[in-house]
Amino acid sequence: MIEYIRGELTELTPTLAVVEAAGVGYALQISLNSYSAIQGKKEVKLFVHEALVTGGRDDSYTLYGFSTRQERELYRLLITVSGVGANTARMILSSLSPKELCNVIANGDERVLKGVKGIGLKTAQRIIVDLRDKVISGGIAEELHAGGASAAVAVPSPVRDEAVQALSMLGFPPAPSAKVVSQILAEQPELPVEQVIKLALKMIK
């Protein structure tokens, strides 16, 4: 089992990081929060969750990378909830910071969870019911408050293309994604790509 990967960051998009360690390039699926935390760095350390899917025509083996243990723990908690798969969990962690998510779950704020693309009322309620005690008793929220948050640095270019590509990888059609991203950048042209994507996630129909 892989606990973490430390090495040179050779490629980075808002949804994917490639880390070279001991001559091997590892492709890790990431959230916008992890993207913000490692953006601009040459050497990174990502905590790993391994996902092996068997059955059907093809088996798949996917690595998910997280900038902190706390974010990985939240991801692992989310995917235990009925109706929350890998992509949905990553969508939640791309729309809310780990600290925000802990507060939402602890406070039972289903309205905020419903604001995440793909999360309906029943799923939001299920996340809160299933995870509230685990988040509070597990001490994840306290660790996040103690550790603080990482700020994003240099903005990649072109922001529009990268945002549309990231949304496509998250499962959204390119045409509506491009329209929403263009609208956001027309109103707020200085926004970094991760903020553009977060806004787009709330606006795409």
Side-chain angles (χ1 to χ4, degrees), residues 1-79 84-99 101 140 143-144 146-172 174 177-178 181 191-198 200-201:
M1 182 175 180
I2 302 174
E3 171 64 14
Y4 64 82
I5 294 174
R6 186 202 304 270
E8 180 184 357
L9 183 63
T10 60
E11 184 179 336
L12 180 66
T13 74
T15 56
L16 181 76
V18 177
V19 181
E20 182 176 336
V24 178
Y26 296 90
L28 301 103
Q29 304 291 322
I30 59 172
S31 70
L32 283 179
N33 288 301
S34 288
Y35 171 78
S36 296
I38 65 176
Q39 191 181 14
K41 295 183 178 180
K42 293 183 178 180
E43 297 287 328
V44 298
K45 176 181 179 181
L46 291 176
F47 296 91
V48 175
H49 173 79
E50 302 170 75
L52 176 62
V53 178
T54 59
R57 181 175 297 178
D58 298 306
D59 295 343
S60 65
Y61 178 64
T62 305
L63 298 178
Y64 293 88
F66 305 91
S67 60
T68 66
R69 281 193 178 93
Q70 290 75 29
E71 186 184 19
R72 181 179 65 181
E73 181 61 24
L74 282 170
Y75 176 85
R76 287 175 170 172
L77 287 175
L78 285 168
I79 60 176
V84 179
N87 286 335
T88 301
R90 184 167 64 156
M91 187 82 70
I92 293 170
L93 288 168
S94 292
S95 302
L96 300 168
S97 71
K99 185 175 179 180
L101 180 58
I140 299 174
E143 292 177 17
L144 288 166
S150 297
V153 286
V155 178
S157 180
V159 170
R160 178 187 177 280
D161 291 345
E162 195 162 5
V164 172
Q165 180 185 16
L167 290 165
S168 296
M169 292 179 69
L170 288 170
F172 295 100
S177 298
V181 168
L191 279 182
V193 66
E194 63 269 24
Q195 291 299 323
V196 172
I197 296 169
K198 283 188 176 184
L201 289 174

When you compare the side chain of [Y] with that of [X], does any pair of heavy atoms fall below 4.5 Å?
X	Y	answer
Asn33	Leu96	no
Glu194	Gln39	yes
Arg90	Gln29	yes
Ile197	Glu162	no
Leu32	Val193	no

How long is the straight-line distance from [atom2] of [Y] back to [atom1] of [X], given to the nearest 0.5 Å?
X	Y	atom1	atom2	answer
Phe47	Ser34	CZ	OG	10.5 Å
Leu201	Leu170	CG	CG	6.5 Å
Ile79	Asn87	CD1	CG	11.5 Å

State, to 0.1 Å, how close [X] and [Y] come at their nearest heavy-atom pair, and which atoms those are.
X	Y	answer
Ala178	Arg160	CB-NH2, 3.4 Å
Phe66	Tyr75	CZ-CG, 3.4 Å
Tyr64	Ala86	OH-CB, 3.3 Å
Val24	Tyr26	O-CD1, 3.5 Å

### Query
Does the pair Leu191 and Val159 meet the rule for a side-chain contact (heavy atoms from CB on, under 4.5 Å), with working shown?
CA-CA 9 Å; Leu191 279 182; Val159 170; over 6 Å; no
Using the test side chain to side chain contact (heavy atoms under 4.5 Å, CB included), find all partners of [X] that sit at least two apart in sequence or belong to another chain.
X	answer
Glu11	Leu16, Val18
Ala17	Leu9, Leu12, Ile30, Ile38, Leu46
Thr88	Val84, Ile92, Ile119
Ile2	Ile5, Val48, Glu50, Tyr61, Leu63

### Message
Using the rule given for side-chain hydrogen bond (donor to acceptor under 3.5 Å, both in side chains), can you reason through Ser31 versus Glu71, listing the C-alpha separation, both sets of side-chain angles and the distance that settles it, and then say yes or no?
### Response
CA-CA 9 Å; Ser31 70; Glu71 186 184 19; 2.4 Å; yes
### Check against side-chain contact (heavy atoms from CB on, under 4.5 Å), Val181 and Leu167
CA-CA 10 Å; Val181 168; Leu167 290 165; 3.7 Å; yes
### Partner residues of Arg6 under the side-chain hydrogen bond (donor to acceptor under 3.5 Å, both in side chains) criterion, sequence neighbours left out
none
### Residues which pass salt bridge (charged side-chain N to carboxylate O under 4.0 Å, His left out) with Arg72, listed by chain and number, not counting sequence neighbours
Glu3
